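This report concerns only the one structure given below.
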Amino acid sequence: MNTALLSRQEQLDKLGRQISDIARIDGDHATAIPALTIYRRSTVTEPMPTVYTMGLGITIQGGKRVVQGGQVFDHGPGQALVASIDLPAAVHVTRAKAAAPYLGIRLDFELETITRFAEAANLSKPNRRATFRALSVLSLDLGVLDALGRLIQILAEPKLTASIAPLIQHEIFARLLLGPQGTALNHLIAAGTPARQIAHVIHWLKANYAESSPIDDLAAMVHMSPSTFREHFRAFAGISPLQYLKQLRLQSARLMMLNQGIDASNAAARVGYESPSQFSREYSRLFGAPPQRDIRRARSVGG
């Protein structure tokens with residue numbers, strides 16, 4: 001059958017079969033395409049704080065919820081959560097069962113790649129006064145669903161994957177930039193927009209989260225007053241700069257404890273906490289348990 005003639009449900013059914021062939025057991029399944037990860041869950045999951053990275057989180061079967069900055073983003077089959085920057089959030093699967101597991105796709109974006117593509121496409125300049133949230137839910141059209149299917153299909157041809165996969169990824173970028181989500185993405189990458197300036201600060205914070213970061217210094221990076229900077233940061237990221245930095249530090253410390261086996265005191269110091277007791281209190285509020293207990297729990301369920 002010609003994929004161009006497939007209905008939306010037929011496209012989703014085809015993607016579900018492709019994912020099931022790769023993800024035969026529950027878990028996060030990395031692929032030969034670095035930006036592409038496949039997910040399978042046979043039961044609903046508890047909300048877990050994480051850093052939702054720039055890209056598309058796509059649900060093919062079942063349902064997922066992301067809570068960020070006090071807002072709830074639910075997405076079901078054929079919908080994607082589009083993240084324009086890396087953001088701390090709580091994520092959990094809301095619809096899944098053994099007979100019909102949650103099936104999802106993660107496609108990461110690189111800001112530089114999208115920026116180059118947008119410049120080559122000569123997209124119109126966005127309104128600099130307009131405000132966009134960094135997270136939004138998008139119903140994917142047939143063109144994007146078809147391209148995702150071809151991206152997964154090319155994994156079955158290892159000799160072609162490295163050369164063909166980037167072309168399909170660029171097609172997906174093009175369809176998104178020229179589609180309903182294009183305005184928000186273009187606002188992020190256009191020079192001089194508040195979103196681009198806030199994204200610059202967030203990029204700096206990710207690389208320097210252990211350092212002291214007074215609001216005045218962060219605002220000066222993008223030539224804003226502290227009050228204007230706070231306003232634009234919260235409007236775009238959904239949380240304040242200090243909340244963002246705190247969650248980034250706690251998430252980073254958790255990964256250190258999980259992946260490197262270091263203790264809570266050392267993790268706290270490495271991410272910029274001077275007080276281990278303050279670290280433990282704030283960690284417990286975010287993850288629902290003190291560091292040691294949370295890490296034991298995370299390891300018992302595979303992280």
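All of these numbers come straight from a predicted model, not from anything done at the bench.
Two residues are said to be in side-chain contact when any heavy atoms from C-beta on lie closer than 4.5 Å; W204 and E211 meet this criterion. The closest side-chain heavy-atom distance from Q292 to R296 is below 4.5 Å. Between Q18 and Q153 there is a side-chain heavy-atom pair separated by less than 4.5 Å. No side-chain heavy atom of R230 sits less than 4.5 Å from a side-chain heavy atom of S240. Side-chain contact between E231 and F236 is absent, with no heavy-atom pair separated by less than 4.5 Å. Between Q251 and Y209 there is no side-chain heavy-atom pair separated by less than 4.5 Å. The shortest distance between side-chain heavy atoms of M257 and N266 does not fall below 4.5 Å. Annotation: side chain of S280 is in contact with side chain of P291 (closest heavy-atom distance under 4.5 Å).
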Practice prompt. Verify side-chain contact (heavy atoms from CB on, under 4.5 Å) between M224 and Q197, making sure each step is shown before the conclusion.
Written response: CA-CA 9 Å; M224 293 182 185; Q197 292 170 306; 3.1 Å; yes
Practice prompt. Would you please test I58 and R106 for side-chain contact (heavy atoms from CB on, under 4.5 Å) and show each step?
Written response: CA-CA 6 Å; I58 306 154; R106 174 73 202 172; over 6 Å; no
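A 6.0 Å sphere centred on CD of Q260 holds more than 12 heavy atoms belonging to other residues, nucleotides or ligands. Atom CZ of R293 is surrounded by 12 or fewer heavy atoms from other residues, nucleotides or ligands within 6.0 Å. Residue Q9 qualifies as enclosed at atom CD: its count of foreign heavy atoms under 6.0 Å is above 12.
Judged by distance alone, with hydrogens and angles left aside, the side-chain atoms of E10 form a donor-acceptor pair with the main-chain N or O of S7 at under 3.5 Å. Checking side-chain atoms of T31 against main-chain N and O of L36 turns up a donor-acceptor pair under 3.5 Å. Judged by distance alone, the side chain of D26 and the main-chain N or O of S42 form a donor-acceptor pair under 3.5 Å. Judged by distance alone, the side chain of S163 and the main-chain N or O of T161 form no donor-acceptor pair under 3.5 Å. The main-chain N or O of G27 is found under 3.5 Å from a side-chain atom of R41 such that the two form a donor-acceptor pair. Within the 3.5 Å criterion, the main-chain N or O of I25 finds a donor-acceptor partner in the side chain of H29. Remark: side-chain polar atoms of R40 are paired, donor with acceptor, to backbone N or O of A23 under 3.5 angstrom. Without hydrogens or angle criteria, T37 side chain to A30 main chain gives no donor-acceptor distance under 3.5 Å. In terms of modelled atom types and a separation under 3.5 Å, the side chain of Q61 and the main chain of P101 share a donor-acceptor contact. The backbone N or O of Q79 sits nowhere less than 3.5 Å from a side-chain atom of T59 that would complete a donor-acceptor pair.
Of the residues listed (L167, I105, I33), the one engaging L151 in a side chain to side chain contact (heavy atoms under 4.5 Å, CB included) is I33, and it is the only one.
Aromatic rings of Y39 and Y102 (six-membered ring for Trp) have centroids beyond the 6.0 Å cut-off, not under it.
Nearest heavy-atom pair across Y283 and I295 is OH-CD1, 3.7 Å. Here the closest heavy-atom approach between residue F287 and residue R297 is recorded as O-NH2, 2.9 Å. For the residue pair L205 and S213, the shortest heavy atom distance occurs at CD2-OG, 3.9 Å.
Partners of D86 by salt bridge (charged side-chain N to carboxylate O under 4.0 Å, His left out), not counting sequence neighbours, listed by chain and number: K206. Scored by the side-chain hydrogen bond (donor to acceptor under 3.5 Å, both in side chains) test, Q71 finds R133 as partners (sequence neighbours excluded).
Using a 4.5 Å cut-off between side-chain heavy atoms of Ile, Leu, Val, Met, Phe, Trp and Tyr, V67 falls into a hydrophobic cluster with V72.
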